[in-house]
Structures are given as structure tokens and as C-alpha cells.
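Here's the structure we're looking at; comments come further down.
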Amino acid sequence: MDNKVDNSIKKEELEHLDYIQGVISKQLDEVENSMEKAKEGILEQKRYLWENIYELDPEEIASNRLSISEEHDSYEMRDNKRRLLMKQNENPYFGRIDFVYDGEDEAEILYIGLGGLQEKGNISNLIYDWRAPISSMYYDFDTGKAFYEAPMGTIDGEITQKRQLKIRKGVMEYAIQSNFNIDDEILQKELSGNGSTKMRNIVATIQKEQNSIVRDQSSNVMVVQGVAGSGKTSIALHRIAFLLYQNRNNLKSSEVLIISPNTIFSDYISNVLPELGEQNITEVSFDEIAEHEMKGISKYEKKYKQMEYVINCQEDDERLKSIRLKSGTAFLNELKEFAKELEDTLFEFSAYSLNGESTEGAWIKELYSGMMLSKYPVFVRLDHIADRIADIYESDHGAIISISSRNEIKKNLKDMAKTKNIMELYEQFITKVRLKYSECQAFSLSPNNNVQYEDVFPIILLKFLLFGNERSYFERIKHVIVDEMQDYSMVQYEILNTLFKCKMTILGDINQVVDRNNATLIDNLEKIFGEKATFVKMMKSYRSTFEISEFCRKMCSLSDAESFERHGEMPSIEQYDNYNSMIDSIQKKIDSVDLSVTTTMVVICKTASAADELYAALDDDHKEKCYLMNNENSNFHEGIIVTNSYLVKGLEFDYVIVPSVTVEEYNSERDRQILYIAGTRALHKLDIMYYGNRSLFIDDALR
């Protein structure tokens, strides 16, 4: 292949590319000319409005401003078209299939690309958008019998020819005739490229099993368990691009939300949807949800602080046991049961008087306990009862009860609660749970008055169960993506189920959870989402070379995982006399790396404190060459990075160094998972470094 077009199809494909680029160039000229005229028109309208502002009446001013606004929108649409055409001029398509419809003799030639293209005055497509129904055949079928699902039903026929093409910056690098889905040679070539600070689209190499996930429209909740490097996140983003394309009238980018693990990850994936012709979607983290919901309740520990604690503590640590309990289904059920019990015990209802008109406590209690209000959280019920009292008074007396007076009634009714303090109620709950579960630690604030992280979301959920939640800032959301699903507790999933009554795509890898005993496993999601959840597995890893992938797979005994056969160097296992000699070697590796060839190199330490220590041990010249990526410095950089294990989830790098893999540092099952996470970040090269005695997990991986 080697950047050459297959001679047997060279002439035909180069002639077709020249024709397509001519069509695109013509359309680009037309769009740019129309944009220039539109720009002149907008400026003229603004000039007219400005010069005559004092002579026009308000209706004329409003009409002119509306006209200018509409012209702006039209200009933006033209500009979006121009951007797409410019992309298409550089890379118009990546695939071709020749398809004979049943009952016909001649094949229709279909080119597949990032976006569709039609010639002016011709309704037939020169290029089909990869998301179009007919394009699904490119991913799903070899040559031979094929079909696709169109709005009018199933369309049958036969693929007589299939080609895979690579056009970059307007130049055809290869065009290969293939009888298979996505030729392994093509996939190997694409995967052999360098890493980047941005995730890239993979429309040219989507595999059949990935395509079924992308195009699924029937699942309300799709849960994807995928091994490291299987393309989970990328496929989820392509799925959103597909859903936006298929549901243009009912789904907008602003109505899709991703629950992102951190800002580094958010920055890394920010390029995919724009490359696919869609606007980026809103992102939020659980830390941001906590910041909003804990405001006015308490300060709290940040997630990374808990992560550092979990990674460093011993297996018999009391807090670790408590964290595990609070992550699980049993604790969630206890919390929901406690909130249910409070319905009967939290209030002592008494008579209420409004302007001398008394309402009996028994009547209030009857409404509170009745079927009409039973679906509402307990404090929300009192809002409805307060409005009922005010409505009756207005009806009986022909008076108007103001909003402020209604709010006063609501406050007075809620004051009938024995306590409204959510922290006090949560402490009561923990005291109750400790009678049943000895591993549950007593609830107390840290010395600096912070709630520990494992208590933050149970407090928020209890708040939702009793006081309701302000869903207004999420009400517009119609689809949620939850990434790194293995890192969230069952309480956090219950919060998601409470906040979002929409479709979801949930993805992650249970092999990448730092604490293997964390109860947030895929089976438990069915208890949260019920029958509306569809479960899918992606067990083939494409990211790393076969050698790196197999090394990591054996280390964790993943018998059902499969490695794509793109071969490269074996992971390098390097022994040093001591920590300082290991640092010297890292500095030599930094000096030897050619950043024009190796775009991204990373040193992944076990913890943030270990990363800080290693960075500090580098001399000044090498500090200058490196970027310390931590919770304060959270941008993803090209070049050489020093960071820790829990910040690299979802990321990939050309060259990965994992230092200090000693038996002292890596010996628990938690450590095994951390080493697996670090190793599976590598695209092409992995160096494992240790001094003294190496971790036994290395021996497992080498068997």
C-alpha cells in the first residue's frame, strides 16, 4: 500500500476524485460569493437602521432588527456549508460500494463520506453521509447479498464491489478493492498513526459490532461494557452524531449532555463532534452537580482526595470498608427505605390559621397521606397543601393571596417537621445503618469541616427524596452519555435516574475500576434502570499493539478480551539499582524521544503525590521539557507529560512509561487495576520500570 493508489483502480478513482473536487470547488465559489453579498446586505441594513433610528417608529425598528437577525442566521448557515465543503475538498469520501437493487441489472455506485454532496439541479447523491441508512451497508456487509433499512422498509440487493479509500489534503493516498467489511490492512494503517491531544473521528474504520451500537435507536438506556481500547467513548460520540442526523427535527446538540469524569477528558474529546459536522454538546461532571446541590449544606471533600486515599490505604482500612458499603446497592436501598419511613415520622401536623381561618391538622395530614400527593417528595407535598389552603381561602372570601403570602404558608407548614436539617437527618440515617452494617463508619465531618466524598451523593439523594430537585436546568436534555461508568456508585446512578427522564448511553470498563470491590458493577445497573436497559459488550481492543494489549490482558486474566493484531515492540521491563538511577533513565528517554515522530509521551505514576515527587526529582532542563498534569493543571498537552493513573482514563499516548512498579508499590488487587489502566494507555510503546523487586503482576503479564 505505502501511500500508493492500487494501479488496477488508479485511473478510475483519480478521475472521479478530480470530478468531485471540481463540483466542490464550484459550490465553494457560489457559497463564498453569496456570503459576500449577504454580508454587504447585513451591513447596509445596519447602516440604514443606525442613520434613521430617530425617524423610525418602534414597529419599524423591531422589523428591521428582526430582518437583520434573520440575515445573520442565513449567513451562519452559509458559513457552516462553506466549512463542510472545505473539509470535503480535502477528504470528500473514504468508501465506495457498488449496489445492485433487487430487480435491477445495473449497480448504483455509492460513495460514503463525512457529509453528503449533491450536484446543483440533480437530486441524486454524489456522496452519501456516513449516517444515512444506505451507508450502513458499507460497515455491515461484505460483497454479496446485502440490505438496509429505509423509511419505506427494507431494501434488498447485492454489493458487487467494495473499495476503501484514503484521501488526505485532497490527495489520494490509497484505494483498495476489498471483499471484506473494513480491511485489516486499512485498519492497521489507521491505528499505526500517532496519538494526538484530541480524540479523532473513526468513521472510515467503524467495525460491524461498533456500527450496531452507533445506529441503535430503539434502546432507552444502552449500557456498553468495553475493554480498554475498544473505542467505547468514540463510538458513543459517533452514536450521538448519528442520532442528531436521524432526528434533526426532534434532537439538537444543546439537548444532549455528557457526564464527563474530568476537564482533561472533556478537552480530549472536544474535537470529535465538530469533525463529524455537529456542534459540541454540553458537559457536566458529578463534581459540578455536587457543587450545585451541596451549596448551603456543607463543604465537602473532592473526588481526587478520596481517590488518593483509596489508592494508598491498606486492604483492611476501616474507611475503605465504609466507602465500599456506601457504593453499593444495599446502602442505596437502606437510604430509600429511610426516606420512606420519614414520610410517617418526620411531621407533627397541627392546626394552621390563615387570617383567622383555621385549618385542622387532621385535614392537613389527610391530604399529605392521600393518593393525590403520595408521588411527591414529602416537603413538596406541603407546597401543594399550602396552595390548596390559599385557593380555598380565595374562593371563600373573594380575596387574593399574594405569592409572598403563599410562600409564608409553605414555610409555616414545613416548620411542622421535627427537623429540616438534611445533615441532621443523614446522621440519623447513618446511625441506623451502623446497627446493621458494622463496616459503616459513624458520620462526622473532617477536621476542616468537610463532608467525606463517599457521603456527598447520599446526602444529595436524601435531599432529592425529601425536598425534590430543581430539574429545570436539565429539563431540556433528551439524551445523556455517562462515561467511565465503573467509577460511579449506585447512589450516583439513582441520582442520574432522578435528574434525567430521557434516553441514556452508559459506557465503561469494569476492569478499569480502581477498587475492584466497588459495588458499581454492570449487573446492578439493571436494578436502577430495569427492563428499559440494553446491555452490549465490546471485547476487542484496537488501541494498543497486539503485544501491549496481550501483556495487559494477561496481567488481569481477561479471558474473554480479544486483541487486534497490529504488531509492534514487546513492552520493555527495565530494572534499576534505585529510584535515582530510574530517574536518570527517564531523563535519557526524554532526551531521546523525537516529538516529530512521537507526538505524545507520558510518565504515569500511581498517585498524584508520586507524580509530584517524580517531577520534582527531574533536573531543571527536563522539568522545562515536561508538563505536570494534575488536578490544578488540567489541560491535555502534546509532548511529554508527567501525571497519575486516575487522570489518564479514556486517554491514549504514543509512548507510556510506568515507573516504580515494585512489589511494595503494586501488590493489591487495586494496584493490579491501576497498572492495567496505565499500561492500556499506550498506543505503540510501553516501558515498565522498577528498582529492587518487581511487582508480581509483571510476571503474570509475561506468562
Side-chain angles (χ1 to χ4, degrees), residues 3-6 9-45 68 70-99 106-135 137-138 161-176 200-201 203-204 241-242 244-246 248 253 271-279:
N3 294 333
K4 294 179 182 178
V5 180
D6 190 314
I9 54 176
K10 176 178 180 178
K11 187 173 184 297
E12 178 187 358
E13 289 299 346
L14 288 178
E15 285 178 357
H16 184 73
L17 175 61
D18 187 56
Y19 170 70
I20 291 295
Q21 288 175 329
V23 172
I24 292 171
S25 295
K26 184 178 178 182
Q27 291 190 14
L28 257 175
D29 289 341
E30 291 172 356
V31 169
E32 287 171 349
N33 288 336
S34 70
M35 285 176 67
E36 191 60 37
K37 290 178 182 177
K39 183 179 177 181
E40 291 173 5
I42 291 169
L43 292 174
E44 182 59 35
Q45 287 186 72
I68 291 171
E70 289 173 345
E71 287 297 323
H72 265 294
D73 291 343
S74 177
Y75 183 87
E76 286 295 322
M77 289 177 64
R78 291 186 179 99
D79 192 38
N80 289 336
K81 176 66 174 175
R82 179 184 66 86
R83 292 171 193 268
L84 175 60
L85 287 168
M86 289 176 70
K87 285 182 183 178
Q88 288 181 309
N89 199 42
E90 292 199 340
N91 179 16
Y93 44 81
F94 52 80
R96 165 182 162 172
I97 54 176
D98 295 7
F99 184 65
E106 287 193 21
E108 180 179 348
I109 298 174
L110 313 171
Y111 283 90
I112 318 292
L114 269 175
L117 180 70
Q118 289 181 322
E119 198 164 11
K120 197 170 182 180
N122 192 339
I123 61 171
S124 62
N125 288 284
L126 295 175
I127 303 172
Y128 284 91
D129 190 295
W130 68 278
R131 297 166 290 186
I134 198 170
S135 302
M137 294 190 295
Y138 175 74
Q161 185 171 232
K162 190 171 184 179
R163 291 178 184 173
Q164 295 165 48
L165 311 107
K166 177 65 176 287
I167 302 165
R168 186 168 62 170
K169 296 184 178 180
V171 177
M172 186 171 291
E173 294 187 354
Y174 56 75
I176 292 180
R200 293 170 290 197
N201 80 74
V203 291
F242 172 79
L244 289 169
Y245 176 86
Q246 291 293 325
R248 276 280 177 235
S253 295
N271 213 42
V272 176
L273 283 171
E275 276 191 2
L276 297 173
E278 302 293 345
Q279 295 178 356

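Remember, predicted model here, so these are calculated numbers, not experimental data. For the numbers below, each heavy atom of this structure counts, side chains included, while hydrogens, waters and symmetry mates do not.
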### Query
With a 4.5 Å heavy-atom cut-off, do E108 and L110 have their side chains touching?
yes

### M172 side chain near K10 side chain, heavy-atom distance below 4.5 Å
no

### Message
What's the separation between atom CE in M77 and atom OG in S74, rounded to the nearest 0.5 Å?
### Response
6.5 Å

### Message
The criterion is ring pair (Phe, Tyr, Trp, His ring centres under 6.0 Å); which residues satisfy it with Y128, sequence neighbours excluded?
### Response
none

### Query
side-chain contact (heavy atoms from CB on, under 4.5 Å) with M86: which residues, sequence neighbours excluded?
L28, R82

### Task
Kindly state each residue pair satisfying ring-ring contact (aromatic ring centres under 6.0 Å, His included) with at least one member in residues 19-44, sequence neighbours excluded.
none

### Summary
dist L126:CG -> Q88:CD (nearest 0.5 Å) comes out at 10.0 Å

### Over all atoms of both residues, closest heavy-atom pair of G115 and L84
CA-CD1, 4.4 Å

### Query
Which atoms form the tightest heavy-atom contact between I9 and R163, and what is the distance?
CG2-NH2, 3.2 Å

### Query
Excluding sequence neighbours, so at least two apart, what forms side-chain contact (heavy atoms from CB on, under 4.5 Å) with Q279?
S253

### Message
Within this structure, what is the CD1-CD distance for the pair I127 and Q118, rounded to the nearest 0.5 Å?
### Response
11.0 Å

### Task
If a pair satisfies salt bridge (charged side-chain N to carboxylate O under 4.0 Å, His left out) and one of its residues is in residues 23-36, list it, with sequence neighbours excluded.
none

#### Entry: Minimum-distance pair of heavy atoms, taken over all atoms of I112 and S135
CD1-OG, 3.7 Å

### Query
Do side-chain atoms of Q21 reach the backbone of G170 as a donor and acceptor pair under 3.5 angstrom?
yes

### Message
If you apply the rule side-chain contact (heavy atoms from CB on, under 4.5 Å), what do you find for L165 with E173, and how did you get there?
### Response
CA-CA 8 Å; L165 311 107; E173 294 187 354; over 6 Å; no

### Query
Do L276 and V203 touch side chain to side chain, with heavy atoms closer than 4.5 Å?
yes

### Task
Would you check if I97 and Q161 make a side-chain contact, meaning some heavy-atom pair closer than 4.5 Å?
no

### Message
Just verifying a value: how many Å separate K39 NZ and Y75 OH, rounded to the nearest 0.5 Å?
### Response
5.5 Å

### Query
Residues two or more places apart in sequence or in another chain: which of them pass ring pair (Phe, Tyr, Trp, His ring centres under 6.0 Å) with Y93?
H16, Y111

### Message
Among residues at least two apart in sequence or on other chains, which ones pass salt bridge (Lys or Arg N to Asp or Glu O under 4.0 Å) with E70?
### Response
none

### Task
Go through the steps to decide whether L117 and N125 satisfy the test side-chain contact (heavy atoms from CB on, under 4.5 Å), and finish with yes or no.
CA-CA 6 Å; L117 180 70; N125 288 284; over 6 Å; no

### Query
Among all residues two or more places apart in sequence or in another chain, which pass the salt bridge (Lys or Arg N to Asp or Glu O under 4.0 Å) test with R78?
none

### Summary
For P92 and I24 the tightest heavy-atom approach is CB-CD1, 4.2 Å

### Message
I'd like to check the side-chain contact (heavy atoms from CB on, under 4.5 Å) partners of D129; sequence neighbours left out, ordered by chain and number.
### Response
R131, Y245

### Query
Atom CD in Q164, atom CZ in F94: separation rounded to 0.5 Å?
10.0 Å

### Query
CG/L244 to CG/L273 distance, rounded to the nearest 0.5 angstrom?
7.0 Å

### Message
Checking E90 now: which residues fulfil salt bridge (Lys or Arg N to Asp or Glu O under 4.0 Å) with it, not counting sequence neighbours?
### Response
none

### Query
Looking at Y138, does the NZ or CZ of K162 lie under 6.0 angstrom from its six-membered ring centre and within 45 degrees of the ring axis?
yes

#### Entry: Pairwise salt bridge (charged side-chain N to carboxylate O under 4.0 Å, His left out) hits with a residue in residues 113-127, at least two apart
none

### Task
Write down the atom of Q246, the atom of P133, and the distance for their closest heavy-atom approach.
NE2-CD, 3.9 Å

### Query
Can you list the residues that meet the salt bridge (Lys or Arg N to Asp or Glu O under 4.0 Å) rule with D98, with sequence neighbours excluded?
R96

